[in-house]
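Taking it in order: structure first as structure tokens, then the write-up.
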Number of protein chains: 2
Amino acid sequence: MARRSEHKRSELTTMAIKAAERIVANDGLEQMSARRIAKEIGYAPGTLYNLFEDLDELALRVNARTLDALLRAFEEVPPCDTPRDALHALADSYLSFTSDNRRLWDALLTFRRNKPAPPPQWYLAHLGKLVGHVAEILTRFRPTLSEAERAYRARLIWASIHGISSVANAGSVARSLVTPVDRMVHDLVDIHCNSLEGR
Amino acid sequence: MARRSEHKRSELTTMAIKAAERIVANDGLEQMSARRIAKEIGYAPGTLYNLFEDLDELALRVNARTLDALLRAFEEVPPCDTPRDALHALADSYLSFTSDNRRLWDALLTFRRNKPAPPPQWYLAHLGKLVGHVAEILTRFRPTLSEAERAYRARLIWASIHGISSVANAGSVARSLVTPVDRMVHDLVDIHCNSLEGR
DNA sequence: ATACGAATTGAACAACGTTCAATATCAAGG
DNA sequence: CCTTGATATTGAACGTTGTTCAATTCGTAT
């Protein structure tokens with residue numbers, strides 16, 4: 001049976017992605033199975049393989065939407081008077097996003113391709129934008145900093161905060177070591193700011 | 001067939017753990033399957049369930065050995081003149097351990113119990129010792145710091161470095177953002193030291 | 001109306017963790 | 001030495017999983 005009239009291919013694709021996203025958000029990445037997605041959109045499992053290469057690709061698409069949402073949250077952070085406040089605002093936005101979307105964020109952190117492959121370029125582009133928000137603030141701290149140094153510094157800040165938050169969010173080893181997360185991130189941002197302000 | 005004469009239960013247990021460790025170290029956690037472990041030790045899959053509750057328990061035992069090894073590496077770090085050097089030495093030891101034992105460390109970071117359960121107490125004890133090494137150095141930076149504050153500060157340092165290194169080591173999202181890891185960790189340690197030294 | 005291409009299906013395959021009745025072996029008691 | 005009871009071990013089986021693919025069905029163009 002071919003029901004090409006009910007939905008066009010593109011519709012079907014987004015239906016599948018949204019169903020997968022719903023499953024991940026509610027029950028976690030490990031519950032996102034081909035059969036369950038298929039059931040939720042009313043198609044057979046095999047159909048998914050006409051839309052996507054893998055389940056991996058589908059998971060990547062879900063993660064892409066999550067990254068997009070975080071990026072949108074960043075763009076809605078109101079401007080601040082001081083760069084220090086701006087960094088704190090960004091970090092707060094980050095933290096509240098990851099706690100509001102715990103399972104989706106967890107999926108982003110824990111997802112692994114089955115066959116090792118380099119991350120898609122749009123993935124890296126998204127990350128670049130995220131770090132770009134930090135880098136932009138750095139120009140206010142130190143306008144004379146070279147482009148490369150600013151980018152590096154932004155990555156350093158981003159990675160250290162992302163690291164703490166990921167350890168806290170993941171159900172992994174060291175969760176108990178990063179409590180309270182909020183204060184730890186706040187203090188870490190302060191330390192970075194102090195370091196940027198000259199000394 | 002019951003071959004109780006060939007190996008006693010405890011021997012069999014360590015045989016299984018070591019086989020599992022070998023598999024993880026060579027081919028990664030995802031290759032550690034009951035059937036493969038059983039084949040490597042020359043027993044049937046079912047036997048493993050006489051020794052361990054789950055495969056999860058077996059994975060935990062493997063991770064325990066990895067944590068032990070890291071702890072031993074920490075204890076072999078030679079003493080340093082300044083606390084700053086001591087922190088750097090600790091961080092270097094951490095980094096070289098995680099890169100020398102990439103897959104084992106990765107297993108530690110990515111492992112998830114199937115049925116959610118609180119981490120065993122010895123797990124937390126191990127982590128406590130790791131952070132204890134940092135805390136000890138902090139007394140040299142600021143002898144007057146209260147016990148609680150010192151512990152918190154140690155966790156902050158440890159978690160931020162662990163975070164960066166885990167993001168770098170994991171095949172996850174943000175790997176490209178944490179290059180070069182060595183320099184990032186070094187700089188981060190320096191920033192923490194600066195912050196501790198007063199400013 | 002017919003034929004062709006493509007979408008869809010669902011059964012099938014291999015692999016996984018886990019269970020459990022059946023079996024083989026050991027240790028002890030008569 | 002044989003019997004008995006307890007326990008270790010097995011391997012087939014179950015229910016999952018991702019993925020494939022021949023068969024089927026539909027839309028569209030001729």
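Chain identifiers are assigned alphabetically (A, B, ...) following the order of the sequence lines, protein sequences preceding nucleic acid strands; residue numbering begins at 1 within each chain. Computed from a predicted structure; not experimentally measured.
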Can you check the B:K115 NZ to C:dT18 P distance for me, whole Å?
8 Å
Proximity to the side chain of A:D54 - top-ranked nucleotide from D:dA8, D:dT19, C:dG10
D:dT19
Of the listed nucleotides (C:dA7, C:dG10, D:dA8), which one gets closest to any side-chain atom of B:N50?
D:dA8
Expressed as a whole number of angstroms, how long is the span from A:L51:CG to D:dT20:C1'?
16 Å
Rounded (10°) bend between the five-pair end axes of the helix from C:dA1-D:dT30 to C:dG30-D:dC1
30°
Give a yes or no answer on whether the side chain of B:S160 reaches the backbone of B:L156 with a donor-acceptor pair at less than 3.5 Å.
yes
Rounded off to whole Å, could you give me the CD-to-P distance for the A:E6 and D:dC26 pair?
11 Å
Compute both the distance and the angle, then confirm whether A:R153 meets the cation-pi test with A:F141: under 6.0 Å from the six-membered ring centre, within 45 degrees of the axis.
no
At under 4.0 Å between heavy atoms, which parts of nucleotides 11-16 of chain C does protein reach? Answer with one letter per nucleotide, 5' to 3': B base, S sugar-phosphate only, - none.
-B---B
In whole angstrom, what separates B:R9's CZ from C:dC26's P?
17 Å
Which residue pairs pass the salt bridge (charged side-chain N to carboxylate O under 4.0 Å, His left out) test with at least one member in residues 36-54 of chain B, sequence neighbours excluded?
B:R22-B:E40, B:D27-B:R36, B:R36-B:E40
For a quick check under 3.5 Å, do A:H7 and A:Y43 share a side-chain donor-acceptor pair by atom type?
yes
Output yes when B:R84 and B:D190 qualify as a salt bridge under the 4.0 Å nitrogen-oxygen rule, no when they do not.
yes
Return no unless some side-chain N or O of A:T47 is found under 4.0 Å from OP1 or OP2 of C:dT9.
yes
B:E30/A:K115 ion pair, N-O < 4.0 Å:
no
Which nucleotide in the list C:dA7, D:dT10, C:dT18 gets nearest to the side chain of B:Y43?
D:dT10
Protein-nucleotide distance (A:Y49, atom OH; C:dA7, atom P), rounded to Å
18 Å
